[in-house]
Amino acid sequence: MARRLIGATLERVIPRGEPDAGTLVSGRIVETEAYLPNVDPACHGYRGPTKRTASLFGRPGHAYVYLIYGVHLCFNVVTESPGTGAAVLVRAIEPLAGVDAMQRRRSPHTPRWALASGPGNVCRALGIGRECDGANLRRGDLRIVFPEVVPSRIAVTARVGLSAAARWPLRFYDPASRSVSRLPARERGR
DNA sequence: AGCAAGATTAGC
DNA sequence: CTAATCTTGCTA
């Protein structure tokens, strides 16, 4: 699933009451990480459900949004059947629609390609908040649309920032996209 | 009850 | 390199 999400579009229609209400903000997913069921010590579901991970153990195709480091939000797509607890983290998207609205949620000086580079930035740029936790991603304000054409090449590396299962090759990205976070210097700027 | 670490990021 | 500061799990 993490692999299949590369090239898909993540889109949100900003709801009433928020800045830029009614605006479509969207981007092409260029970086994901898989968190596996049952066997993955880095997965939030590894030690069973908690209050925070309720939606992770809910229905596949729904959102799991949580706060990390007490500061940033991370957006995930639940991948397994209810009660299992596994997901894909969306780490970066390349802005498509609503660039001005994204710009306003970041800073006016953030370069376009960097608006949603990094998992915390994805949530900030699209205005994804904790109220999105558990949202159905097939219908509603927040959606994922799969592409007709899949990317020709997808790079696979270890996941970012882990101590447990640190070397498992579960991070996927489009090496042609500048919006990927933490690209090795070797691959940057092509 | 107290504490350390964590799927991060912007700013010294 | 550090602060910011929420949630969880481990130790006492």
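This is a predicted model, so every value here is computed, not measured. Here is the naming used below: chain letters follow the sequence lines, and residue numbers restart at 1 for every chain.
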For a quick check of understanding: with a heavy-atom distance under 4.0 Å over all strands, which category does [X] fall into, base, sugar-phosphate or nothing?
{"X": "A/V71", "answer": "base"}
{"X": "A/N76", "answer": "base"}
{"X": "A/R159", "answer": "nothing"}
{"X": "A/L89", "answer": "base"}

Report the distance from atom [atom1] of [X] to atom [atom2] of [N], rounded to the nearest whole Å.
{"X": "A/D133", "N": "C/dC6", "atom1": "CG", "atom2": "P", "result": "17 Å"}
{"X": "A/Y46", "N": "B/dG6", "atom1": "OH", "atom2": "C1'", "result": "17 Å"}
{"X": "A/Y64", "N": "C/dT7", "atom1": "OH", "atom2": "C1'", "result": "9 Å"}
{"X": "A/R182", "N": "B/dA10", "atom1": "CZ", "atom2": "C1'", "result": "13 Å"}
{"X": "A/H44", "N": "C/dT8", "atom1": "NE2", "atom2": "P", "result": "10 Å"}
{"X": "A/L67", "N": "B/dA7", "atom1": "CG", "atom2": "C1'", "result": "13 Å"}
{"X": "A/H72", "N": "B/dA5", "atom1": "NE2", "atom2": "P", "result": "19 Å"}
{"X": "A/R105", "N": "B/dA10", "atom1": "CZ", "atom2": "P", "result": "16 Å"}

Below the 4.0 Å mark, does C/dT7 have OP1 or OP2 next to a side-chain nitrogen or oxygen of A/T50?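 Checking C/dT7 against A/T50, no side-chain N or O comes under 4.0 Å of OP1 or OP2.
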Between A/R124 and B/dT8, is there a contact of a side-chain N or O with OP1 or OP2 at under 4.0 Å? no
Could you give the distance from [atom1] ([X]) to [atom2] ([Y]), rounded to the nearest 0.5 Å?
{"X": "A/I128", "Y": "A/D133", "atom1": "CD1", "atom2": "CG", "answer": "11.5 Å"}
{"X": "A/Y173", "Y": "A/T157", "atom1": "OH", "atom2": "OG1", "answer": "5.5 Å"}
{"X": "A/R105", "Y": "A/D100", "atom1": "CZ", "atom2": "CG", "answer": "13.0 Å"}
{"X": "A/H72", "Y": "A/C123", "atom1": "NE2", "atom2": "SG", "answer": "11.0 Å"}

Taking the nucleotide of DNA chain B with the closest heavy atom to each, which residue, A/R106 or A/V160, is nearer the 5' end?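 Looking at DNA chain B, the more 5' nearest nucleotide goes with A/V160.
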Are A/L137 and A/F146 linked, directly or through intermediate hydrophobic residues, by side-chain heavy-atom contacts shorter than 4.5 Å (ILVMFWY only)?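 Yes.
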Quick check: any donor-acceptor pair below 3.5 Å linking the side-chain of A/Y69 to the base of B/dA5? no
Which nucleotide sits closest to the side chain of [X]: [options]?
{"X": "A/I68", "options": "B/dA7, C/dT7, B/dT9", "value": "B/dA7"}
{"X": "A/N121", "options": "B/dA7, C/dC6, B/dA10", "value": "B/dA10"}
{"X": "A/R130", "options": "C/dT7, B/dA7, B/dA10", "value": "C/dT7"}
{"X": "A/K51", "options": "C/dT8, C/dG9, B/dT8", "value": "C/dT8"}

Please give the distance between the P atoms of C/dT5 and B/dC12 as a whole number of Å. 15 Å
Quick one: look up who B/dA1 pairs with, Watson-Crick or G-U, both distances under 3.5 Å, and put none if it's unpaired.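 Matched B/dA1 with C/dT11 under the 3.5 Å cut-off.
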Quick one: look up who B/dG6 pairs with, Watson-Crick or G-U, both distances under 3.5 Å, and put none if it's unpaired.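 Pair assignment: B/dG6 / C/dC6.
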May I ask you to say whether A/R28 pairs ionically with A/D174, meaning some side-chain N is under 4.0 Å from a carboxylate O? yes
